[in-house]
Amino acid sequence: MISSLLSQASSKLSAVPTAANLHGVALLHDPHANKSTAFTPGERAQLGLIGLLPEQVETEQAQIQRALQQIALKTTDLGRYIYLTSLLDTNETLYYQLLMSDPARFIPLVYTPTVGEACEKFDQILRRPRGLYLPISRKGHLKEILRNWPESDARFIVVTDGERILGLGDLGVNGMGIPIGKLSLYTACAGVPPQLTLPITLDVGTNNESLLADDLYLGLRQRRVTGAQYDEFIEEFVTAVQEVFPRACIQFEDFAFTHAAPILTRYRDRVCCFNDDIQGTAGVALAGILAALRVTGGSLADQRFLFLGGGTAGAGIAGLLTKAMMQAGVAEQDALGANWLYDKNGLIHAGRTDLVDFQKPFAHEHAPIDDFATAIETLRPTAIIGVSTVGKAFTQPVIEAMARINERPIIFPYSNPTSHSECTAEEAYIWSEGRAVFASGSPFPPVQYKGRTFVPGQGNNVYIFPALGMAIYATEAKRVTDEMIITAAHALAAQVTPSDLETGLIYPPQSSIFETSLAVAREVAEFIFDQGLAGVPRPDDLDAYMEAKVYRPAY
């Protein structure tokens, strides 16, 4: 993999700052242009680097080897995260070479599950600020702050207000680790040029008492702003982005239950934007179901889904599954009726008076049920999907109930980080007597059961949002539609091979995620052109056009 990356140096985009733009120490301190010990003798003489580097000129492979040795000395995943972040701050090209050399190893370090601990300790481990912080105390001046960003053509903005970071809750500006990590994966997993990405945290305060009392906390020391003032701040932000970065796509990330769906509803038809917790999670879940059906048999139209978790993630998945079932010929009411939600107050049904708008389409006529295993026995789902962030909620009675009513029960505990997963892979396989079709939001090791080795799949959004991003970048799409997400899900499921399914995988191996993402991006781009949603003319050769857009890290 390393040699294939290095052999494609000519694909490096000229838009990335080159050594000719900088000189001497300034060049070594610029992560975009720094090549460190790989500067050639001629470059060193021309650029004032003689004496600023050891005399030995190294190959990129030698640099990668040293980085691998250094990271091997770290004793914790958080230590490895800190090392990789420091590498990104000093040598961006080498950072992406390293990630892309072994994505299955490094994705869990730069994103879930390690990023959860990194966010919890973000104010303690900060070395060098990255991205933009937009505090509500500077409301009215967001355009000026956005113009402080050194790149004039940001295409992808991942933005959070830090209120619902993974399953960890309100982390305030410490949630910046999420936008940084997600945007790294846009590049490492799908080749989106890194200089086009911009992580942003909206600082509207925090209700986390421990952070407010923490001397090292870096955000506004005030309780969260809500209501009309919050909505006006979001409006100013979206409007400012459209003016300063008119070709940018906004990815809303880890907003709380009360804000996530309304923000998406308000802006999805106005600007190019999406919510990864709602739409990305839904896309990866749909892809998992489509691949699982190749194991269980039957069609999408025959399925029945029960969600543990009635928030925006659960409703978002249910909504996308409903649309996908309708595409497969199921009537809308029947498709809606195949999706049931269960939250902390029990089964969501038509008689409840505590529901919000996005839950109501899935509030069907039914008697109350306050036990999840009983809900399984009563509703007889073919799949259960966990988005509750409640660790161990898929108990042994729950898994056994699914195994009683299904020859091959589909078990998807999607909550992360790992401590919040509804069950482990081992529990799902053992309690179902090896019959579960399993995927989780966090990674789990292979499971040995009765002489067979099961390799658990990880239903990580990383399979969807980077590929979607590459397609949006290549086409300059005007909007993000649910149909684009469904197209991505079908394309992703098609990448799962029979040998993958044989081992238990219902997602492609993360070791091949770059190739997988480009294949998915190509299908989504074609759909965007077909639907007239592109902002550029359709190329004669789409494959060549897409390949020319791909960033490949090389000096």
Side-chain angles (χ1 to χ4, degrees), residues 11-17 30-34 84-85 87-100 103 106-107 110-111 115 118-119 128-134 145-160 175-202 237-238 240-242 244-254 271-276 280 461-462 464-477 480 513-514 517-518 521 524 535 546 549-553:
S11 296
K12 179 93 170 182
L13 294 184
S14 60
V16 179
D30 186 285
H32 303 300
N34 182 27
L84 289 166
T85 300
L87 183 60
L88 176 60
D89 288 339
T90 56
N91 189 330
E92 182 180 87
T93 302
L94 183 59
Y95 170 82
Y96 284 113
Q97 286 177 347
L98 191 64
L99 263 58
M100 295 163 77
F106 290 113
I107 288 174
V110 300
Y111 200 60
V115 74
C119 286
R128 175 180 174 179
R130 175 174 287 273
L132 284 177
Y133 294 83
L134 305 182
I145 300 174
L146 289 176
R147 290 192 175 103
N148 286 337
W149 187 244
E151 300 291 342
S152 62
D153 188 26
R155 298 290 189 89
F156 292 97
I157 293 172
V158 175
V159 60
T160 185
M176 178 59 103
I178 297 296
I180 292 171
K182 288 239 165 177
L183 288 170
S184 290
L185 298 183
Y186 267 93
T187 299
C189 298
V192 173
Q195 77 274 16
L196 302 180
T197 65
L198 170 54
I200 292 180
T201 290
L202 303 176
F237 165 70
V238 172
V241 167
Q242 297 312 297
V244 179
F245 303 116
R247 294 194 288 179
C249 177
I250 302 172
Q251 176 179 324
F252 295 105
E253 190 70 33
D254 286 356
V271 303
C272 184
C273 70
F274 69 102
N275 184 303
D276 190 50
N461 293 18
V462 72
I464 293 291
F465 70 82
L468 182 66
M470 172 50 75
I472 293 168
Y473 164 55
T475 63
E476 298 189 22
V480 179
I513 195 165
F514 192 74
S517 295
L518 293 185
V524 177
M546 296 286 291
K549 292 287 185 180
V550 174
Y551 166 89
R552 300 179 188 272

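Just so you know, residue 1 is the first one in the sequence shown, and it goes up from there. In this text, all values refer to a predicted model and were calculated from it rather than measured experimentally.
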Worked verdict on Q251 versus Y186 for side chain to side chain contact (heavy atoms under 4.5 Å, CB included): CA-CA 12 Å; Q251 176 179 324; Y186 267 93; 2.5 Å; yes
M546/L518 under side chain to side chain contact (heavy atoms under 4.5 Å, CB included): CA gap, chis, key distance, verdict: CA-CA 8 Å; M546 296 286 291; L518 293 185; over 6 Å; no
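- Using a 4.5 Å heavy-atom threshold, the side chains of P194 and E92 count as touching.
- Here the closest non-hydrogen pair linking S184 and L88 is OG-CD2, 4.1 Å.
- Considering only heavy atoms from C-beta on, Y551 comes within 4.5 Å of T93 through its side chain.
- In this structure, I157 and F237 have side chains that are in contact, with non-hydrogen atoms separated by less than 4.5 Å.
- Here the rule is side-chain contact (heavy atoms from CB on, under 4.5 Å) with N461, and of L185, D276, L468 only D276 fits it.
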Test side chain to side chain contact (heavy atoms under 4.5 Å, CB included) applied to Y111 and V462, step by step: CA-CA 9 Å; Y111 200 60; V462 72; over 6 Å; no
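- Side-chain contact between C273 and F252 is present, with heavy atoms from C-beta onward closer than 4.5 Å.
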Derivation of the side chain to side chain contact (heavy atoms under 4.5 Å, CB included) call for L146 and L134: CA-CA 9 Å; L146 289 176; L134 305 182; 4.3 Å; yes
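- The CZ atom of F245 lies 9.0 Å from the CD atom of E151; values are rounded to the nearest 0.5 Å.
- You'll find the side chain of Y95 reaches within 4.5 Å of the side chain of L84, heavy atoms only.
- Within the model, atoms OG1 of T187 and CZ of R552 stand 13.0 Å from one another, a figure rounded to the nearest 0.5 Å.
- Proximity of a side-chain donor or acceptor of R130 to a complementary backbone N or O of I180 within less than 3.5 Å is not detected.
- With rounding to the nearest 0.5 angstrom, the CZ atom of F274 is 10.0 Å from the CD1 atom of I464.
- Here CD1 of I200 is found 5.5 Å from CG of L132. Values are rounded to the nearest 0.5 Å.
- Put simply, CD1 on I513 and CG on L99 are 11.0 Å apart, with the number rounded to the nearest 0.5 Å.
- Looking at T160, its side chain does come within 3.5 Å of a backbone N or O of E253 through a donor-acceptor pair.
- The CD1 atom of I250 sits 5.5 Å away from the CD atom of Q242 when rounded to the nearest 0.5 Å.
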